[in-house]
There are 2 protein chains.
Amino acid sequence: MSLPHAILGILGYMPMTGYDLKTQAFDKSIAHFWSAVLPQIYRELERIEEKGWATSSIEIQHDRPNRRVYSITDAGRAEFARWLHEFQPPPAHREAFLIQLFFAAQLRSDEIVALLEGQLAARQEQRARFAALESAFDGDHPREEALARLTLDLGERITETYIAWLEDAIALVKALPS
Amino acid sequence: MSLPHAILGILGYMPMTGYDLKTQAFDKSIAHFWSAVLPQIYRELERIEEKGWATSSIEIQHDRPNRRVYSITDAGRAEFARWLHEFQPPPAHREAFLIQLFFAAQLRSDEIVALLEGQLAARQEQRARFAALESAFDGDHPREEALARLTLDLGERITETYIAWLEDAIALVKALPS
DNA sequence: GTAATATATAACCAGATTTATATGTACTCA
DNA sequence: TGAGTACATATAAATCTGGTTATATATTAC
């Protein structure tokens, strides 16, 4: 329900191919709150075109395969503007590791600690990835930049919350009577 | 991939019907980290039985419709124990509201603030729901209880993180030049 | 010659959600 | 008394969304 609008949001800035959307937009700026794989993006672009929210044209290239470039239409802009005001309910939290933890009483404490440490390592990597993104701001569009920074900031805060919780959880489980 | 294991985890404590799983387990203790709707649970129970991880039998009732009660098998316990040690990668963060915020530069600041306030209200309700759950601990199984509390605690911390971030974001957007 | 990069798409599968349907009891409101 | 509604219980069908795998072509780099 939101992927088409993420795509419209990007096309609002400039026309793009599916490949560009994936490599330049999804994998770079917005991966931390919405990800999509290539076939998904291409399929969605077809649907967007069917609905008249974008048009596409082939751009001939001689050094590389031809590209199909999508441009947003007025109808697409209108749809996006409408959607921008719609309330989006917070997504359900669904995390397999928490099922494990919830039912981990049958494990020895050191096994539970191992689970927690695996998660801690993953979250620390995530923190490092956020730190690497930090630098990529151009400074030319302060309003856009402030909002982009906000979404990044949330991702970082959540990651820190996980790390602190995992550290506390490890200490707690170590102190648990078996 | 995890729903069957959540079900096995519950059946490990006692035999249950699909309806019980939904109303007693999913909607109560574990809704804050894994949710499922009724048809999904019934379908999954069929698959679990096909794989030999549980058996079912009809329990005749006279005041209400008959119930199909599922019991975990040794193979089911073995599968669950095996799965308990498997690393579960953190799920991708996918939140429609963050797409809105990221692309909200075209909105007036007061419109952005309205979006943020909608999310704030939703997260405050979530906090209230967590507070209501707090009390439901029996105290008979300290190990199980400690782990259940841990999962609840994470949910609460994440909710607080959102609330603090939303409050900061509102202040920031209000101060933004248009 | 092999790998990597750029580009596009088809086919399929898995998981989650919505909607509908069925049946029996109990309760409520007019 | 009868009509509607809620609760307990189970399942089917359809749909949507996301993800995996494979395939195809062209160029450049190693």
Side-chain angles (χ1 to χ4, degrees), chain A residues 1-8 15-28 30-31 33-51 54 56-70 83 88-96 99, chain B residues 1-8 15-28 30-31 33-51 54 56-70 83 88-96 99:
Chain A
M1 237 207 284
S2 306
L3 178 59
H5 295 95
I7 293 176
L8 287 178
M16 284 211 200
T17 67
Y19 190 83
D20 289 344
L21 280 165
K22 171 64 174 165
T23 56
Q24 305 308 306
F26 277 91
D27 286 356
K28 296 208 173 133
I30 73 188
F33 58 82
W34 205 279
S35 63
V37 294
L38 249 191
Q40 214 187 338
I41 290 173
Y42 283 115
R43 234 186 313 121
E44 211 54 53
L45 281 170
E46 285 170 15
R47 286 185 200 156
I48 286 173
E49 193 169 20
E50 273 171 29
K51 293 198 183 170
S56 73
S57 63
I58 302 274
E59 190 178 292
I60 307 287
Q61 299 193 117
H62 296 290
D63 47 341
R64 303 188 207 152
N66 296 340
R67 310 153 27 97
R68 178 177 292 274
V69 181
Y70 287 86
W83 177 83
Q88 303 293 330
H93 187 179
R94 228 185 230 118
E95 188 167 355
I99 304 179
Chain B
M1 237 206 284
S2 307
L3 179 58
H5 295 95
I7 293 177
L8 288 177
M16 282 212 204
T17 68
Y19 191 83
D20 288 344
L21 280 166
K22 171 63 175 166
T23 57
Q24 303 309 307
F26 277 91
D27 286 356
K28 297 209 171 132
I30 72 186
F33 58 81
W34 205 278
S35 64
V37 293
L38 250 191
Q40 213 186 339
I41 291 173
Y42 283 117
R43 238 188 311 116
E44 215 46 70
L45 281 170
E46 284 169 15
R47 286 184 201 158
I48 286 173
E49 194 170 17
E50 274 170 31
K51 294 198 183 170
S56 74
S57 63
I58 302 273
E59 189 178 293
I60 307 287
Q61 299 194 113
H62 296 289
D63 49 340
R64 304 188 207 151
N66 296 339
R67 308 150 33 93
R68 179 178 292 272
V69 182
Y70 286 85
W83 176 83
Q88 303 294 329
H93 188 179
R94 225 184 233 118
E95 188 166 357
I99 304 179

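Below, read A as the first sequence line, B as the second, and so on, with proteins coming before strands; counting in each chain starts at 1. It should be emphasised that the depicted structure is a prediction, and the values quoted were computed from it without experimental measurement.
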Worksheet entry | Presence of salt bridge, B:Glu46 and B:Arg43, under 4.0 angstrom | no

Worksheet item: What is the distance, rounded to the nearest whole Å, between atom CG of A:Leu38 and atom C1' of D:dT21?
Response: 13 Å

Worksheet, complete the sentence: Of all heavy-atom pairs linking A:Trp34 and B:Ala96, the shortest is CZ3-N, 3.5 Å

Worksheet item: Does B:Arg94 put a side-chain nitrogen or oxygen below 4.0 Å from OP1 or OP2 of D:dT17?
Response: no

Worksheet entry | Presence of donor-acceptor pair under 3.5 Å, side chain of B:Arg43 and base of C:dT17 | yes

Response to the item:
Per atom distances to the A:Val37 side chain, the nearest of D:dT20, C:dA16, C:dT18 is D:dT20

Worksheet item: So, for A:Phe26 and A:Ala6, which heavy atoms are closest and what is the spacing to 0.1 Å?
Response: CZ-CB, 4.1 Å

Worksheet item: What is the distance, rounded to the nearest whole Å, between atom CD1 of B:Ile58 and atom C1' of C:dT23?
Response: 14 Å

Worksheet item: Considering only heavy atoms from C-beta outward, does the side chain of B:Ser35 approach that of A:Arg94 to under 4.5 Å?
Response: yes

Worksheet item: Hey, is the side chain of A:Tyr42 poking within less than 4.0 Å of OP1 or OP2 on C:dA8, counting only N and O atoms?
Response: yes

Item to complete: Flag the pair A:Glu44 and A:Arg47 as a salt bridge only when some basic side-chain nitrogen lies within less than 4.0 angstrom of an acidic carboxylate oxygen.
Response: yes

Fill in: Heavy-atom donor-acceptor pair, B:Lys22 side chain to B:Ile41 backbone, under 3.5 Å
no

Worksheet entry | Interatomic distance where CE belongs to A:Met16 and P belongs to C:dA6 [whole Å] | 15 Å

Fill in: Along DNA chain D (nearest heavy atom to each residue), the more 5'-positioned of A:Leu3 and B:Tyr70
B:Tyr70

Discussion item. Please report the distance, rounded to the nearest Å, between CD1 in B:Ile99 and C1' in D:dT17.
Written reply: 13 Å

Worksheet item: OP1 or OP2 of C:dG15 less than 4.0 angstrom from a side-chain nitrogen or oxygen of B:Gln40, does that happen here?
Response: no

Fill in: Gap between atoms CD and P, on B:Glu50 and C:dA14 respectively (whole Å)
13 Å

Item to complete: Indicate whether OP1 or OP2 belonging to C:dA14 is found under 4.0 Å from a side-chain N or O atom of B:Arg47.
Response: no

Worksheet item: Could you give the CD-to-C1' distance, from B:Glu46 to D:dA13, as a whole number of Å?
Response: 13 Å

Worksheet entry | Short side-chain N/O contact to C:dT5 OP1/OP2 from A:Arg67, under 4.0 Å | no

Response to the item:
Nearest-nucleotide check on DNA chain D, A:Pro39 vs A:Glu44; residue mapping nearer the 5' end is A:Glu44

Discussion item. Give the residues of residues 18-27 of chain A touching DNA chain C, defined as any heavy atom closer than 4.0 Å, sorted by residue number.
Written reply: A:Gly18, A:Tyr19, A:Asp20

Worksheet entry | Shortest non-hydrogen contact from A:Gly18 toward A:Leu38 | O-CD2, 3.9 Å

